[in-house]
Amino acid sequence: MGIVDISSHKSVWRGLEYYKQNKVVSYKENKDGTYEGIVEGSGNENYRVHLDMAHPRKSTCNCPMADGRMVICKHIVAVSFCVDESEAERFKNEKTRYSSEEDERRSKKYDKYIRYARSLPKSALCEAYAEIMVELDELKLKSK
Ligand SMILES: [Zn+2]
(Lines give C-alpha, C1' and ligand atoms only; values in the text may rest on other atoms or scores of the structure.)
Protein backbone atom coordinates (compact mmCIF):
# COMPACT_ATOMS: atom_id res chain seq x y z
CA MET A 1 0.00 0.00 0.00
CA GLY A 2 1.47 3.31 -1.07
CA ILE A 3 0.74 6.85 0.02
CA VAL A 4 -1.78 7.30 -2.78
CA ASP A 5 -3.74 4.21 -1.75
CA ILE A 6 -4.30 5.33 1.83
CA SER A 7 -4.97 9.02 1.12
CA SER A 8 -8.29 10.61 0.45
CA HIS A 9 -8.90 11.39 -3.19
CA LYS A 10 -8.89 15.08 -2.35
CA SER A 11 -5.47 14.95 -0.68
CA VAL A 12 -3.97 13.14 -3.65
CA TRP A 13 -5.51 15.54 -6.11
CA ARG A 14 -4.36 18.61 -4.17
CA GLY A 15 -0.98 16.97 -3.59
CA LEU A 16 -0.55 16.53 -7.32
CA GLU A 17 -1.30 20.23 -7.83
CA TYR A 18 1.30 21.11 -5.19
CA TYR A 19 3.80 18.81 -6.83
CA LYS A 20 3.21 20.31 -10.29
CA GLN A 21 3.42 23.85 -8.92
CA ASN A 22 6.79 23.06 -7.29
CA LYS A 23 5.51 23.78 -3.80
CA VAL A 24 7.93 21.27 -2.36
CA VAL A 25 10.76 23.58 -1.32
CA SER A 26 13.21 20.81 -0.49
CA TYR A 27 13.42 17.18 0.56
CA LYS A 28 16.19 14.88 1.60
CA GLU A 29 16.57 11.22 2.41
CA ASN A 30 17.39 10.13 5.94
CA LYS A 31 19.76 7.27 6.71
CA ASP A 32 16.83 4.97 7.48
CA GLY A 33 15.23 5.54 4.06
CA THR A 34 12.56 7.98 5.26
CA TYR A 35 12.45 11.55 3.99
CA GLU A 36 12.23 15.05 5.44
CA GLY A 37 10.55 17.62 3.26
CA ILE A 38 9.59 21.28 3.41
CA VAL A 39 6.41 22.27 1.60
CA GLU A 40 5.06 25.74 0.97
CA GLY A 41 1.66 26.18 2.63
CA SER A 42 -1.27 28.19 1.32
CA GLY A 43 -0.34 31.08 3.62
CA ASN A 44 3.22 32.24 4.28
CA GLU A 45 3.97 29.24 6.41
CA ASN A 46 6.05 26.28 5.34
CA TYR A 47 5.20 22.83 6.63
CA ARG A 48 7.54 20.08 7.66
CA VAL A 49 6.83 16.65 6.27
CA HIS A 50 8.26 13.39 7.49
CA LEU A 51 7.68 10.79 4.80
CA ASP A 52 7.91 7.07 5.31
CA MET A 53 7.34 5.32 1.99
CA ALA A 54 7.73 1.85 3.52
CA HIS A 55 5.18 2.59 6.25
CA PRO A 56 3.00 5.36 4.79
CA ARG A 57 0.87 5.66 7.92
CA LYS A 58 3.92 6.71 9.91
CA SER A 59 4.30 9.81 7.72
CA THR A 60 3.60 13.12 9.43
CA CYS A 61 3.16 16.79 8.62
CA ASN A 62 2.83 19.74 10.96
CA CYS A 63 0.04 21.46 9.01
CA PRO A 64 -3.30 22.00 10.80
CA MET A 65 -4.96 19.17 8.92
CA ALA A 66 -2.43 16.45 9.67
CA ASP A 67 -0.67 17.56 12.86
CA GLY A 68 -1.12 14.99 15.61
CA ARG A 69 -3.57 12.98 13.53
CA MET A 70 -2.99 9.93 11.37
CA VAL A 71 -3.96 11.80 8.25
CA ILE A 72 -2.16 11.88 4.94
CA CYS A 73 -2.42 15.50 3.76
CA LYS A 74 -1.60 17.07 0.41
CA HIS A 75 1.86 18.10 1.67
CA ILE A 76 2.85 14.49 2.39
CA VAL A 77 1.45 13.45 -0.99
CA ALA A 78 3.38 16.22 -2.76
CA VAL A 79 6.68 15.12 -1.19
CA SER A 80 5.96 11.49 -2.05
CA PHE A 81 5.45 12.48 -5.69
CA CYS A 82 8.86 14.18 -5.68
CA VAL A 83 10.46 11.05 -4.26
CA ASP A 84 8.64 8.72 -6.64
CA GLU A 85 7.58 10.48 -9.83
CA SER A 86 6.17 7.29 -11.30
CA GLU A 87 3.43 7.41 -8.64
CA ALA A 88 2.42 10.86 -9.84
CA GLU A 89 2.32 9.57 -13.42
CA ARG A 90 0.27 6.57 -12.38
CA PHE A 91 -2.27 8.77 -10.65
CA LYS A 92 -2.45 11.23 -13.56
CA ASN A 93 -3.13 8.38 -15.98
CA GLU A 94 -5.86 6.97 -13.80
CA LYS A 95 -7.40 10.38 -13.55
CA THR A 96 -7.34 10.83 -17.33
CA ARG A 97 -8.90 7.45 -17.89
CA TYR A 98 -11.61 8.27 -15.40
CA SER A 99 -12.48 11.58 -17.00
CA SER A 100 -12.64 10.10 -20.51
CA GLU A 101 -15.12 7.50 -19.20
CA GLU A 102 -17.06 10.36 -17.68
CA ASP A 103 -17.04 12.21 -21.01
CA GLU A 104 -18.32 9.13 -22.76
CA ARG A 105 -21.17 8.75 -20.27
CA ARG A 106 -22.08 12.39 -20.72
CA SER A 107 -22.08 12.19 -24.49
CA LYS A 108 -24.28 9.06 -24.41
CA LYS A 109 -26.75 10.91 -22.21
CA TYR A 110 -26.58 13.90 -24.52
CA ASP A 111 -27.35 11.71 -27.55
CA LYS A 112 -30.30 10.20 -25.77
CA TYR A 113 -31.80 13.55 -24.78
CA ILE A 114 -31.21 15.20 -28.11
CA ARG A 115 -32.98 12.32 -29.87
CA TYR A 116 -35.89 12.74 -27.49
CA ALA A 117 -35.97 16.51 -27.93
CA ARG A 118 -36.00 16.17 -31.72
CA SER A 119 -38.96 13.80 -31.53
CA LEU A 120 -41.09 16.38 -29.70
CA PRO A 121 -43.30 18.95 -31.41
CA LYS A 122 -42.00 22.46 -30.90
CA SER A 123 -44.66 23.52 -28.38
CA ALA A 124 -43.95 20.47 -26.18
CA LEU A 125 -40.24 21.17 -26.46
CA CYS A 126 -40.74 24.76 -25.27
CA GLU A 127 -42.79 23.59 -22.31
CA ALA A 128 -40.22 20.96 -21.38
CA TYR A 129 -37.43 23.52 -21.62
CA ALA A 130 -39.27 26.00 -19.40
CA GLU A 131 -39.94 23.29 -16.82
CA ILE A 132 -36.29 22.27 -16.75
CA MET A 133 -35.16 25.87 -16.29
CA VAL A 134 -37.57 26.36 -13.39
CA GLU A 135 -36.34 23.18 -11.78
CA LEU A 136 -32.72 24.15 -12.29
CA ASP A 137 -33.39 27.51 -10.63
CA GLU A 138 -34.95 25.81 -7.64
CA LEU A 139 -32.05 23.37 -7.36
CA LYS A 140 -29.66 26.31 -7.36
CA LEU A 141 -31.65 28.04 -4.63
CA LYS A 142 -31.62 24.87 -2.51
CA SER A 143 -27.89 24.38 -2.83
CA LYS A 144 -27.13 27.93 -1.67
ZN1 LIG B 1 0.27 18.81 5.66
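We count ligands from 1, going down the list as the structure has it; atoms in each ligand are counted the same way.
Here the shortest heavy-atom pairing between S42 and Y18 reads N-OH, 3.9 Å. Scanning both residues, V39 and H75, for their nearest heavy atoms gives CG1-CD2, 3.7 Å.
Ion pair K92/E89 flagged as a salt bridge, since at least one NZ, NE, NH1 or NH2 atom sits closer than 4.0 Å to an Asp/Glu carboxylate oxygen.
Around the Zn ion (ligand 1), the protein atoms of type N, O or S found under 2.8 Å away are C61 SG, C63 SG, C73 SG, H75 ND1, listed by chain and number.
Between Y19 and F81, the ring-plane angle classifies as perpendicular under the 30° and 60° cut-offs.
Looking at T34 and L51, their side chains never come closer than 4.5 Å, going by heavy atoms from C-beta outward.
Of the listed residues (I38, N62, I76), just one forms a side-chain contact (heavy atoms from CB on, under 4.5 Å) with V49, and that residue is I76.
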